[in-house]
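What follows is a single structure, written as structure tokens, with notes after it.
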2 protein chains.
Amino acid sequence: MQENYFGDFLRNNGIKPSFQRIKIYEYLLQNKEHPTVETIYNALNSQIPTLSKTTVYNTLKVFIEKGIAMAITIDDTEVRFDADVKVHGHFKCEHCHKIYDFEVDVESISSEALKDFDVYDQQMFFYGVCKVCKNNS
Amino acid sequence: MQENYFGDFLRNNGIKPSFQRIKIYEYLLQNKEHPTVETIYNALNSQIPTLSKTTVYNTLKVFIEKGIAMAITIDDTEVRFDADVKVHGHFKCEHCHKIYDFEVDVESISSEALKDFDVYDQQMFFYGVCKVCKNNS
DNA sequence: TTATCAATTTGTAACGATTACAACTTGATA
DNA sequence: TATCAAGTTGTAATCGTTACAAATTGATAA
Ligand SMILES: [Mn+2]
Ligand SMILES: [Mn+2]
Ligand SMILES: [Zn+2]
Ligand SMILES: [Zn+2]
């Protein structure tokens, strides 16, 4: 039934729900640590032995085009993915490398300087040391 | 004299002022469109025919370590560089591909959720259509 | 001046994430 | 059951970046 739920969701967003696409979207929803293509591929390869890394790339590209996922380049070495497409900030701990989501008051940022610009997307990336790592040192 | 001025600036920041380093820093200061390594290399190669792209990479790495420049990954395809190291936002126009700086009220963003985190760096990337492109369409 | 030596620069090779592409598979439709 | 477009797969190519060893530079001291 779960399978069917995700299938409907994809269909409602104009995406033909193949087995691979359902599994990849399900993984993104259930693993909110902003996984990379590599991580997603490795995690699903046991369930879907025939899975190709290209399919993971293709599928995420479709998700982004259809607006049900977004890409996060918070490290310049690898792109991460997020099924949460509402505007929110990301904090990366330089110690444990974990990525935290945080709420942002969108209005307060939209600066005076951009008042005549059309802003379609906004990314906020913060870097530092998280609460947990601070307390463990 | 200009040469000497940049030389002193680099020295004051713990960087030995070689000819290449002076030229690269000078270029960064005078070309505020957030150039890539490729752009910097191509621009300086006529003045310095022996310049190596590796030197551009090495030099920018030193600048970043010493805190007189920063890297901007506003497109995931290439890294850009900025001699303005104070916290500010970047807007990329999807039409003309120009990158605009904008002021950000730092305090207003520092969200409640991060109150126990140490934040060392923050990047704000906005995407959309700039004022000029809006008016020309 | 000349020798010495570490820092810097250079060119080339290697790396690795991503993309291109052609062959194969799947599944809906007639 | 045949057809055919859409989706998947594996491999090769691409390209920005990094590793590395050799060459050059420039400061210091004999
Ligand atoms: Mn997120
Ligand atoms: Mn800037
Ligand atoms: Zn941490
Ligand atoms: Zn524009």
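Convention: sequence-line order gives letters A, B, ...; per-chain numbering from 1.
The local environment of CD in E78(B) is crowded, with over 12 non-hydrogen atoms from other residues, nucleotides or ligands closer than 6.0 Å.
Residue contacts shown for E38(B) are absent, as no nucleic acid heavy atom lies under 4.0 Å away. Residue T50(B) is classed as a sugar-phosphate contact, given heavy-atom separations below 4.0 Å to backbone atoms only. When heavy atoms are screened at a 4.0 angstrom cut-off, T77(B) is found touching the sugar-phosphate backbone but no base atom.
Sorted by first and then second residue, the ring-ring contact (aromatic ring centres under 6.0 Å, His included) pairs involving residues 52-73 of chain B (not counting sequence neighbours) are Y25(B)-F63(B).
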Per-nucleotide protein contact string for nucleotides 20-27 of chain D (B base, S sugar-phosphate only, - none; heavy atom under 4.0 Å): B-------
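A donor-acceptor pair shorter than 3.5 Å cannot be found between the side chains of N136(B) and H95(B).
Across dT17(D), dT19(C), dT10(C), the shortest atom-to-atom separation from the side chain of Y57(A) is found for dT19(C). Candidate nucleotides dT9(C), dT8(D), dT17(D) were compared by shortest atom distance to the side chain of R21(A), and dT8(D) ranks first.
In this structure, NE2 on H97(A) lies 12.0 Å from CD1 on I74(A), to the nearest 0.5 angstrom.
In this structure, CD of E78(A) is placed 13 Å from C1' of dT18(C), rounded to the nearest angstrom. Put simply, CG on L51(A) is 9 Å from C1' on dT8(D), counting in whole angstrom units. Atom pair I40(A):CD1 and dT8(D):P shows a separation of 14 Å (rounding to whole Å applied). Atom-to-atom, CG of D75(A) to C1' of dT17(D) comes out at 15 Å; the value is rounded to the nearest Å. What separates CG of N42(B) from P of dG16(D) is a distance of 11 Å, to the nearest Å. Rounding to whole angstrom units, CZ of residue F81(B) and C1' of dT17(D) are separated by 10 Å. Atom OH in Y41(A) sits about 9 Å away from atom P in dT9(D), given to the nearest Å. Between F63(A) atom CZ and dG7(D) atom P there is a gap of 12 Å when expressed in whole angstrom units.
Checked options L51(B), V56(B), T55(B), T39(B); the residue passing with L44(B) is L51(B) (criterion: side-chain contact (heavy atoms from CB on, under 4.5 Å)).
The pair D118(B)-K134(A) counts as a salt bridge, with a side-chain nitrogen and a carboxylate oxygen less than 4.0 angstrom apart. Comment: D82(B) does not engage R80(B) in a salt bridge, judged by the lack of any side-chain N to carboxylate O separation of less than 4.0 angstrom.
Taking the six-membered ring where the residue is Trp, F125(B) and H90(B) present tilted rings, their angle falling between 30° and 60°.
Using a 4.0 Å cut-off, some side-chain N or O of Q20(B) falls inside it from OP1 or OP2 of dT10(C). Between S52(A) and the phosphate of dT8(D), there is no side-chain N or O to OP1/OP2 separation shorter than 4.0 Å. The shortest distance between the side-chain N/O atoms of S18(A) and the OP1/OP2 oxygens of dT8(D) is below 4.0 Å.
Two rings, from F102(A) and F117(B), have their centers 6.0 Å or more apart.
Summary for the helix from dT1(C)-dA30(D) to dA30(C)-dT1(D): the axes at its two ends, each from 5 pairs, differ by 10° when rounded to the nearest 10 degrees.
Judged by a 6.0 Å distance limit and a 45° cone about the ring axis, K53(B) is positioned over the six-membered ring of Y41(B).
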